[in-house]
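Please read the structure below before turning to the comments.
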Protein chains: 2
Amino acid sequence: MKMSEGVEWTAHACVLLAALPKGVGLPANALAEFHALAPAYMAKHMQALARAGVVESVRGAGGGYRLARAPRDISLWDIVEAIEGGEPAFRCVEIRQQGPCVTPQGDFRKPCEIHAAFARAENAWRIELKSVSLADMAAEVARKATPQKRALLTQWITGKLA
Amino acid sequence: MKMSEGVEWTAHACVLLAALPKGVGLPANALAEFHALAPAYMAKHMQALARAGVVESVRGAGGGYRLARAPRDISLWDIVEAIEGGEPAFRCVEIRQQGPCVTPQGDFRKPCEIHAAFARAENAWRIELKSVSLADMAAEVARKATPQKRALLTQWITGKLA
DNA sequence: CTATTGCGGACATATAGCATCCGGATTAAA
DNA sequence: TTTAATCCGGATGCTATATGTCCGCAATAG
Ligand code: FES
Ligand code: FES
């Protein structure tokens, strides 16, 4: 059970976008370059984010991606859902309905206990992810940054926007 | 992000073992047959459970697998850990340390915010799984079973133990 | 008109999951 | 002592998913 690395890629990218002035964005190429990632693959992931409504795309020269909502209104779960899809990790395939001890009158309308337990666990996981917003993470990153890093960052960003 | 189906296989198998008298077990073949699963693959999964100390193996004729502890002391998490391994689904590969804006004096000793958030979420997930025991699930299954199913089950089990 | 950028599909490769098979070791029972 | 049942670990093959690239098309700013 391994989560796609695309989640980390796009999460970092969104944190970067959250640090930009409202309504301003960056092209996929720049987002990939910022963390030295494969540009073509990053572009694919950003398309998924756009389809999911997490970011907005602006086509044409000078375009790129920008956040579709305020950083406070975008959670880590939104990103996971966009990249991984909303399907649960545990998928009950109803093996209880197979085998020599299944009765014809068996009642399988209610989910089995195993299924229900995993559903509860994944729900707790989602709730935790939904409670973390881009604003939270961006603020924490900014707090920990040294003055040098801050300067380097603003310089790089202005270079990309020019 | 998909969990191995082996988790469902072994979870059902353990619930079945929990319904047996204490100290009594069943061979891997029977555990596979009970839910019409691939016998060879089920055997592999049971070996993993034995290595993890969830079940005990008894070799030789009349042998098989039995629970290593009381059903109350085996949780769903124990099974997931045995089959999937304990590694987290989200694995931070530290891409924050790459790119044009990393400063030489960067402090990367503390985990980044994204990493920390996923760790919290997965911890909530694990806590929920640890709170569900085989005893809980077996009791629930028994409660929902019809008299016919109960009879069929005991007949099948006695056939396997003979 | 041209350069830039996103969009979607086709494609290729790598990794992980699914499943089988086999020889060896162990043990109960005939 | 022989036989059959059973677990163990490794080797193997197949399939699905993840990773990553490429290309033509559409949109848009200058
Ligand atoms: S029937 Fe197997 S988990 Fe629901
Ligand atoms: S550096 Fe990427 S999640 Fe920690």
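Lettering follows sequence order; numbering is per chain, from 1.
- Summarising the geometry, the separation between CG on B/L31 and P on D/dT6 is reported as 11 Å, rounded to the nearest angstrom.
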Show the atom names and distances, to 0.1 Å, of all donor-acceptor pairs under 3.5 Å that link a side chain in residues 129-145 of chain A to residues at least two apart or in another chain.
unit_1: A/S131; atom_1: OG; unit_2: A/E128; atom_2: O; d: 2.7
unit_1: A/S133; atom_1: OG; unit_2: A/A135; atom_2: N; d: 3.3
unit_1: A/S133; atom_1: OG; unit_2: A/D136; atom_2: N; d: 3.1
unit_1: A/S133; atom_1: OG; unit_2: A/D136; atom_2: OD1; d: 3.4
unit_1: A/S133; atom_1: OG; unit_2: A/D136; atom_2: OD2; d: 3.2
unit_1: A/D136; atom_1: OD2; unit_2: A/S133; atom_2: N; d: 3.0
unit_1: A/E140; atom_1: OE2; unit_2: A/R143; atom_2: NE; d: 3.4
unit_1: A/E140; atom_1: OE2; unit_2: A/R143; atom_2: NH2; d: 2.8

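- Evaluation of the salt bridge (charged side-chain N to carboxylate O under 4.0 Å, His left out) rule for B/D78 yields B/R69 as partners, not counting sequence neighbours.
- As a whole-Å value, the separation of B/E56 CD from D/dC7 P is 14 Å.
- The backbone N or O of A/Y65 lies less than 3.5 Å from no partner atom in the side chain of A/E56, so there is not a single donor-acceptor pair.
- With C/dG8, D/dC7, C/dT5 as the candidates, the nucleotide lying closest to the side chain of B/P27 is D/dC7.
- Rounding to whole angstrom units, CG of residue A/L49 and C1' of C/dG6 are separated by 14 Å.
- The CD1 atom of B/I95 sits 13 Å away from the P atom of D/dT19 (whole-angstrom rounding).
- In this structure B/Q155 satisfies the side-chain contact (heavy atoms from CB on, under 4.5 Å) test together with B/L152, sequence neighbours excluded.
- For the pair A/M42 CE and D/dT19 C1', the computed distance is 14 Å after rounding to whole Å.
- Contact annotation: A/S57 side-chain N/O to C/dT5 OP1/OP2 distance is not under 4.0 Å.
- Between the C1' atom of C/dT5 and the CZ atom of A/R66 lies a distance of 14 Å, rounded to the nearest Å.
- As rounded to whole Å, 10 Å separates atom P of C/dG9 from atom CD of A/Q47.
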Report, one line per pair, each donor and acceptor closer than 3.5 Å where one atom sits in a side chain of residues 40-53 of chain B; sequence neighbours left out.
none

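- Legend: residues meeting side-chain contact (heavy atoms from CB on, under 4.5 Å) with B/N29, ordered by chain and number and at least two apart, are B/P39.
- Rounded to an integer number of Å, the gap from B/M46 CE to D/dC7 P is 9 Å.
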Letter by letter from the 5' end, nucleotides 14-30 of chain C scores (B base, S sugar-phosphate only, - none; protein heavy atoms under 4.0 Å) ---SBBB---B-BBS--
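- Taking every heavy atom of residues 10-21 of chain B and every atom of DNA chain C, no pair lies under 4.0 Å.
- Sorted by first and then second residue, the ring-ring contact (aromatic ring centres under 6.0 Å, His included) pairs with a member in residues 135-158 of chain B read B/F34-B/W156; sequence neighbours excluded.
- Residue B/A43 is out of contact with every strand shown, counting any heavy-atom pair closer than 4.0 Å.
- In this structure, A/R91 does not pair ionically with B/E8, as no charged nitrogen and carboxylate oxygen lie closer than 4.0 Å.
- Listed by chain and residue number, A/C92, A/P111, A/C112 satisfy the side-chain contact (heavy atoms from CB on, under 4.5 Å) test with A/H115 (two or more places apart in sequence, or in another chain).
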